[in-house]
Every structure is written in structure tokens, then in C-alpha cells.
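Computed over heavy atoms, backbone and side chain alike; hydrogens, waters and symmetry mates excluded.
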Amino acid sequence: MSARKETVLDLAKFVDKGVQVKLTGGRQVAGTLKGYDQLLNLVLDEAVEFVRDPDDPLKTTDQTRRLGLIVCRGTAVMLVSPTDGTDEIANPFVQSDGA
């Protein structure tokens with residue numbers, strides 16, 4: 001067994017690249033990853049928050065809010081994904097009203 005602790009995620013390949021982060025409580029931000037630590041605290045530059053729909057807090061709207069340089073606390077981070085190479089698709093599990 002190694003005495004050195006390693007994180008499950010290798011975030012080094014995402015430094016200085018665009019990432020999207022989902023946080024507990026439903027907030028979602030995107031920005032350029034500038035740094036991180038073993039507790040998954042993230043430093044994002046040019047961060048933008050996606051504003052949620054007031055009628056349905058689980059959905060985001062087209063509105064955004066510029067945040068600038070932020071720190072995302074590791075205990076609140078649920079998902080980290082690159083912004084390059086990802087596309088949004090329709091949910092294949094949603095059934096139409098006609099069914």
C-alpha cells in the first residue's frame with residue numbers, strides 16, 4: 001500500500017481549460033480551472049453562474065450571472081466536467097404527452 005494519498009480525479013489535465021461544475025443545492029457554474037487541492041476545492045476564473053428557473057429550481061434558464069474569480073468548496077462539488085467536447089442532448093427518458 002502506498003502511503004501517499006491520491007485523488008480519484010486527475011484534474012491536472014483540466015487546469016487552464018474550461019470546466020462546468022455542479023454544486024450541492026443545485027447551483028451550476030462554468031469557468032476556467034486555475035487550481036485545485038486534494039479536498040477538491042476548485043479555483044475558477046471568469047466564472048459564470050447559470051441562473052435557475054424560479055418556477056422549477058431543477059431547471060436552468062438561458063440567463064447567466066458573471067462571478068469572476070471564485071473558489072468552489074470541495075464539500076459542495078458534485079460534478080466536474082470539461083466544457084469542450086460536450087453537447088447537450090434531449091432527455092431520452094422523458095415521455096411525450098401523447099404516450
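Nearest heavy-atom pair, Gly74 versus Asn41, reported as atom, atom and distance to 0.1 Å: N-OD1, 2.7 Å. Closest approach of Leu33 and Leu11 over heavy atoms only: CD2-O, 3.9 Å. The two residues Phe50 and Val29 have their closest heavy-atom pair at CE1-C, 4.3 Å. In plain terms, the two heavy atoms of Val77 and Leu42 that are nearest each other are CG2-CD1, 4.1 Å.
Residues passing the salt bridge (Lys or Arg N to Asp or Glu O under 4.0 Å) test with Lys34 are Asp16, sequence neighbours excluded. Remark: Arg65 pairs with Glu49 by the salt bridge (Lys or Arg N to Asp or Glu O under 4.0 Å) rule, at least two apart or across chains.
Other residues, nucleotides and ligands contribute at most 12 non-hydrogen atoms within 6.0 Å of the CZ atom of Arg27.
With values rounded to the nearest 0.5 angstrom, Leu79 atom CG is found 8.5 Å from Gln28 atom CD. Annotation: the span from Leu40 atom CG to Met78 atom CE amounts to 12.0 Å, rounded to 0.5 Å. Taken from CD1 in Ile70 to CG in Leu44, the straight-line distance is 4.5 Å, to the nearest 0.5 Å. Atom OG1 of Thr75 is separated from atom CG of Leu23 by 9.5 Å, given to the nearest 0.5 angstrom.
No single ILVMFWY cluster, assembled from side-chain heavy atoms under 4.5 Å apart, contains both Val43 and Leu39.
Thr64 contributes no side-chain N or O that, together with a main-chain N or O of Val48, makes up a donor-acceptor pair within less than 3.5 Å. Under a 3.5 Å cut-off, the side chain of Thr61 and the backbone N or O of Val51 do form a donor-acceptor pair. No side-chain donor-acceptor contact under 3.5 Å links Tyr36 to the backbone of Asp10.
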